[in-house]
Every structure is written in C-alpha cells, then in structure tokens.
Undergrad: 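Please read through the structure below; I'll follow up with questions.
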Amino acid sequence: MIKRIIFDLDGTLWDTKESYMYSYDKLFAELDLNREPHREEVLAFMGIKLNILLDALFPEIENKREIGVKAVKYSIEYVLKHPSTNSGDIEGLFKTLSEKYEIFIISNCPRVYLETFYKVSGVKRFVVGDYTIEDGEKEDHLRKISDNYTVKSLYVADSREDYDAIGDHKKMYFVFAKYGYINSDVYDYYINSLDEIISLSAKADEKERMLEGSDYEMLSSNDSSLTLIKKPDCYYFGFINFKNPADDKAVIEKLKERAGGSHALGPINGSTWYSYRLALDNFDFKLYPDAISDERILNLFLNSGFKVEHKYSSTLATLNEKIWEKGKKINLSPDYEIKIAKGSEVYSYLEELHEVASDAFKNADYYEPISLENFKDIYVRNMSFIKPELVAIYFKGKMIAFNFCYPDPENRFYVSKTIAVKEKFRSLPVLLKLIDVSSRCMTADGFDKVLYHFQNDRTKVLYAMAKDHLIKRKYYGLLKF
C-alpha cells in the first residue's frame, strides 16, 4: 500500500523562477559587478543547493554568507508580491491527498523559504513532516522516512539527483515532475502537472495491491514504459505503456539488459489473475475483457528476440446440441445442489468463488495465490462493465464448482469467462452439468453463440466441444526472452 507522498518544493510545488531572476538582478546591481546574471545561468541551478548556486554566480566573492541571506530575502520579497503555485487549488489538492496519505515536504531551500511557501499556499496544516537544508541532506531524510515505515512512499520531484537520493527504490518510488525545473532520464512514475498526482497515486496504490509485495521497477524512455517484476526464479514484465516505436524499442532493450542471465516472461500485470498476455491474431476482434491487442507491439517483442512461450485462446462457437443433451441427462446425487445468480446478487458469492478458484487453479501454469481483497477488486471493480451471471454447484452445502458468465456488452454472444471445479470434485458429470445449466441461461437470455474466453490452450475439453461448431478463435500468448 502507498501510505505517504513526499514532495520536493522548488519546481514541484511552486514556480519561483522569476523570484530568482529578481533576486540576482538586485544583488548584481548592489555589488556593482559590471555584469548581469544570465537567465540561463541562473535557471540552470534552480532547485540546487544555494551554496552551489552562489559559487557559480559569485566566484570572485569569498564570503558568500551575506549574499545568500540577501538572495533569499529578495526572492521571498518577490514571491509575497506575486504568489503562485503549480496547482490552481493547491490547498484543495493537499486536502484531498491528506485524506488518504501522509504528506511530507523535503527541500534544499532554507527554512524561511518553506515557511513562505506555507504562507502563500495555506497547506501547512496538511503536512505531517518537513525537512529543509538546515536539517540535513535529502538522502538522509528520505532514508529516515523509508526506514521508519514498512509501507511504500511516493517521492515527487524534478531531477535525476532526486531519483538517486532515494537509494532503495523498493521502498520508495520516484515520481518525476516533468513540468519542473530540471530533468531526469529515469523514473518510476511521472506526472505532467501537479494535479495529476491524485490519479497517479491511485494507480500506484493499485499496482502495489496487484503485485502484493513483489519487488519491481519501471523501465522507461520518454513516455514509453513497462514494469519489471522480480520473482525468485525469473523476471516477469508487464504494465506495458508504449507510445512510439523508437522509445518502445529502447524500453524492450532495457528489459533484456536488466534481466541479464535470467529469463523474462510476460506480459503479466502482477498475478496471472490480473490482465496479462498479448493477442497473437484477430487484433480487430475486440473482446471484454481483452489483453493488449496491438500487432505492432507484438511484432516489436518478436523482432527483439522474444518467443511465444504459452498460448491461450478464446473460442466462439454455436451451442453443441449433443453436449447439451448429455448434460441434460445427468442427474447428480441429492448431495449436490445447483444455484443460479444474476446481476449484483452474484457478488454476494465472491468469498466462495475465491475459495473454489484458488483450489481449482493452484496447479495451473504460472499460478500465484491472490488475496480475497484483490479477487473482489477484479470481479467487482475491474469487470463493472458486464452484467454477471453465476452457475454454482454445491456438495453438502459447500460450493465446489462454478461458471462465471455474462452477456457480451455488445450483445454479440454469451461469454463463459471462468469455469472452475475443485480438484477433488473434478469429473465429467460435474463439468457437463455446469455447461448444461449455463447453456440454459444463455438461451434464456436469447443467445445462440457462446465464447469460451481466455482458455489455457493445453486444456482441450472446451475446444473439443466447440470445434465442430466453431465460428472464430482468437489466440493470446505469453512471451519469453
């Protein structure tokens, strides 16, 4: 979980470039140095420690303490006359963030500069802790925050030095403020404006939940990125966000380099319960949900040496009447009970579904356990676009099998999304009975076509049922380097 957000000050929370120019124009005039400060020279040191800036601008003056005091004084003088921040409503922004996160500010500026920011912005009451150059180095403050807490933090700043100051990027993630003064060629996340931190923090928090404690890092080139996830025996990659071919290819090369002698498998967004795979064909045949269905992205990986490691398929077919008839004739013993639920009622069964699915898929390829909270996240929030239907089989009052279904959102066909049977109860009669009752739900909804969605290609049963009634099949794959 992400529990705190740490902000740099200059360039990140407010833009004080003009105050710097005002301050150093006055200083150069007072000191009668027979030269003027070049704007580019001053701005090149924005956000850097004051002593470094003074050394660069006033090399001929030995004692720079008095100059530094005046520089801060004049800068504050300008800021108070021209108050501004990098968010139109920074007070509202901090109020919103503080309802979910602890907020810290760390700055290379003197304390009086930070207090001026508080006066201009009105956000001091939302800040849990702050540190300035008078309290020590950024690296020490960031390390202290990381060491004192077990959950993760976001550090929002605008330079490569800020990225390096974090040190351990497993505990704290660098959010690069692209609108800031300086630049960084590496980052864990980025924002283009300060107000994007609200949605970004929610995405980072979601990724934390999905990865459930795994070590990960973002590999990026400009706006293209993916996430490298370290597992005990290999690397996974996922969360692909590709923008243009040159940067996409650069990110893939970084992935290969970082994986080194170990292999990299993906795309997997955390556990395989979440979205993963790439479409291998029928890219225009959009399904709900779908994996990345972009031929360009697939070919980028294939042309970079990745191979298809494992295949899945979604099979669209008309109803197999023979199988349906067989299912109708099966009479399970009185110890078995069948329940059907539709719409929001389905979500009252999620704890039982989680138990059955965890048992049913425990030996599946690349299976990883998932918490009940994340399971609910998938089936409630991430599938909010569908109207669910559930066929469940109970044995002596306990659920042992289910088929999670729904009408396609475009009403093209009926979707059989997840069929799960506890290992102990796997048998053809149980499977056929699930299909029988699901088929009746399908026809009752007015459909004559069914999509068996995201099936492991090594599982031949469903394809065998559909092959003589096949309409279309879309393949997906995991890639390995």
Side-chain angles (χ1 to χ4, degrees), residues 185-188 207 210-211 214-316 364-368 451-460 462-463 467 470-481:
D185 57 347
V186 288
Y187 51 81
D188 298 307
K207 185 185 285 189
M210 291 165 71
L211 293 173
S214 298
D215 292 339
Y216 67 88
E217 61 178 314
M218 186 175 291
L219 307 180
S220 58
S221 176
N222 293 316
D223 290 343
S224 297
S225 63
L226 57 74
T227 299
L228 182 64
I229 307 156
K230 182 70 174 74
K231 295 295 180 179
D233 56 345
C234 72
Y235 287 99
Y236 289 163
F237 64 91
F239 302 94
I240 295 171
N241 182 30
F242 280 178
K243 298 295 185 181
N244 66 75
D247 289 321
D248 300 343
K249 187 170 179 57
V251 171
I252 291 175
E253 291 306 312
K254 286 184 180 181
L255 167 63
K256 291 163 61 176
E257 179 183 352
R258 195 64 56 91
S262 182
H263 67 260
L265 180 74
I268 294 176
N269 289 1
S271 165
T272 52
W273 291 89
Y274 283 91
S275 57
Y276 66 107
R277 301 170 285 240
L278 285 173
L280 303 179
D281 59 15
N282 286 310
F283 303 101
D284 294 329
F285 183 36
K286 300 300 182 183
L287 302 174
Y288 303 90
D290 211 346
I292 296 175
S293 198
D294 187 320
E295 188 172 12
R296 181 187 72 85
I297 291 178
L298 172 66
N299 287 334
L300 268 173
F301 279 100
L302 295 179
N303 293 335
S304 298
F306 286 76
K307 305 293 183 184
V308 176
E309 168 71 8
H310 196 68
K311 293 176 75 175
Y312 301 80
S313 64
S314 292
T315 303
L316 180 63
D365 294 311
Y366 313 115
Y367 168 79
E368 290 185 18
L451 179 77
Y452 297 107
H453 201 14
F454 284 155
Q455 302 301 317
N456 187 320
D457 210 45
R458 295 176 187 170
T459 304
K460 306 299 182 183
L462 292 177
Y463 179 64
K467 65 178 182 178
L470 184 65
I471 299 173
K472 198 167 192 175
R473 201 173 193 197
K474 182 172 183 175
Y475 282 96
Y476 302 87
L478 289 177
L479 306 181
K480 183 178 179 181
F481 175 76

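Computed from heavy atoms alone, side chains included, the values below leave out hydrogens, waters and symmetry copies.
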Undergrad: Restricting to non-hydrogen atoms, name the atom on G477 and the atom on L280 that form the minimum distance, rounded to 0.1 Å.
TA: N-CG, 3.7 Å

Undergrad: Output the distance between atom CG (N282) and atom NZ (K472), rounded to the nearest 0.5 Å.
TA: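 The CG atom of N282 sits 5.0 Å away from the NZ atom of K472.
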
Undergrad: Just verifying a value: how many Å separate L300 CG and L479 CG, rounded to the nearest 0.5 Å?
TA: 11.5 Å

Undergrad: Would you please name every residue forming a side-chain contact (heavy atoms from CB on, under 4.5 Å) with P289, sequence neighbours left out?
TA: M383, F385, Y406, K417, H453, F454

Undergrad: With a 3.5 Å distance limit and no angle check, can you tell me whether D281 reaches the backbone of Y475 through a side-chain donor-acceptor pair?
TA: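 At least one qualifying donor-acceptor pair exists.
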
Undergrad: Between CG of D188 and CE of M218, what distance do you get to the nearest 0.5 Å?
TA: 7.0 Å

Undergrad: Locate the shortest heavy-atom distance separating V186 from S220; write the atom from each residue and the value.
TA: CA-OG, 4.5 Å

Undergrad: Just jot down the side-chain hydrogen bond (donor to acceptor under 3.5 Å, both in side chains) partners of Y236, sequence neighbours excluded, or say none.
TA: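 Y236 satisfies side-chain hydrogen bond (donor to acceptor under 3.5 Å, both in side chains) with no residue once adjacent residues are dropped.
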
Undergrad: Could you tell me the separation between the CG atom of D223 and the CG atom of N244, rounded to the nearest 0.5 Å?
TA: 8.0 Å

Undergrad: Does any N or O in the side chain of S313 come within less than 3.5 Å of the main-chain N or O of T315, such that one atom is a donor and the other an acceptor?
TA: no

Undergrad: For the atom pair CZ (R296) and CG (N303), what is the distance rounded to the nearest 0.5 Å?
TA: 11.5 Å

Undergrad: Does the S293 side chain pair with the main chain of F283, one donor and one acceptor, at a distance under 3.5 Å?
TA: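 Here the side-chain-to-backbone pair exists.
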
Undergrad: Judged by atom type as modelled, is there a donor-acceptor pair below 3.5 Å linking the side chain of K256 to the main-chain atoms of S304?
TA: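 Here the side-chain-to-backbone pair exists.
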
Undergrad: Do H310 and N456 touch side chain to side chain, with heavy atoms closer than 4.5 Å?
TA: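 A side-chain contact under 4.5 Å exists here.
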
Undergrad: Contact between E257 and E253 at the side-chain level, heavy atoms closer than 4.5 Å - yes or no?
TA: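 They are not in side-chain contact.
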
Undergrad: Using a cut-off of 6.0 Å, state whether more than 12 heavy atoms not belonging to N299 lie near its atom CG.
TA: yes

Undergrad: Quick check for you: to the nearest 0.5 Å, what is the distance between I471 atom CD1 and L316 atom CG?
TA: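 Interatomic distance, I471 CD1 to L316 CG, rounded to 0.5 Å: 4.5 Å.
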
Undergrad: Tell me, please, whether Y235 has K230 positioned over its six-membered ring: NZ or CZ under 6.0 Å from the ring centre and within 45 degrees of its axis?
TA: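 Here K230 passes the 6.0 Å and 45° test against Y235.
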
Undergrad: With side-chain contact (heavy atoms from CB on, under 4.5 Å) as the criterion, how do N222 and K243 come out once you've worked through the C-alpha distance, each side chain's angles and the decisive distance to 0.1 Å?
TA: CA-CA 9 Å; N222 293 316; K243 298 295 185 181; over 6 Å; no

Undergrad: According to side-chain hydrogen bond (donor to acceptor under 3.5 Å, both in side chains), who are the partners of S221, at least two apart in sequence or on a separate chain?
TA: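 Only D247 meet the side-chain hydrogen bond (donor to acceptor under 3.5 Å, both in side chains) criterion with S221.
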
Undergrad: Any idea which heavy atoms bring P267 and I240 closest together, and the distance?
TA: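 Result for this residue pair: CB-CD1, 3.7 Å.
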
Undergrad: With no hydrogens and no angle check, is any side-chain donor or acceptor of D248 less than 3.5 Å from a backbone partner on S224?
TA: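 Checked: no pair found.
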
Undergrad: On a heavy-atom basis, which atom in E309 and which in L265 lie closest, and how many Å separate them?
TA: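 Looks like CG-CD1, 3.8 Å.
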
Undergrad: So L478 and Y312, do their side chains get closer than 4.5 Å, heavy atoms only?
TA: yes

Undergrad: Please find the pair of heavy atoms, one from L298 and one from A279, that lie closest to each other, and give the distance.
TA: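 For L298 and A279, the tightest heavy-atom pair comes out as CD2-O, 3.6 Å.
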
Undergrad: Go through it in stages, so that I can follow the logic: the residues are I229 and I268, the test is side-chain contact (heavy atoms from CB on, under 4.5 Å), and I'd like the CA-CA distance, side-chain angles, deciding distance and then a yes or no.
TA: CA-CA 9 Å; I229 307 156; I268 294 176; 5.6 Å; no

Undergrad: Given F237, which partner from the list F301, Y216, Y276 fulfils the ring pair (Phe, Tyr, Trp, His ring centres under 6.0 Å) test?
TA: F301

Undergrad: Tell me if a side-chain donor or acceptor on W273 pairs with a main-chain N or O of M210 at a distance below 3.5 Å.
TA: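 Between the backbone of M210 and the side chain of W273 there is no qualifying donor-acceptor contact (under 3.5 Å).
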
Undergrad: Provide the closest heavy-atom pair for Y476 versus K474 in the form atom of the first, atom of the second, distance.
TA: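 It is OH-CD, 3.2 Å.
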
Undergrad: Between F306 and L255, is any pair of side-chain heavy atoms under 4.5 Å apart?
TA: yes

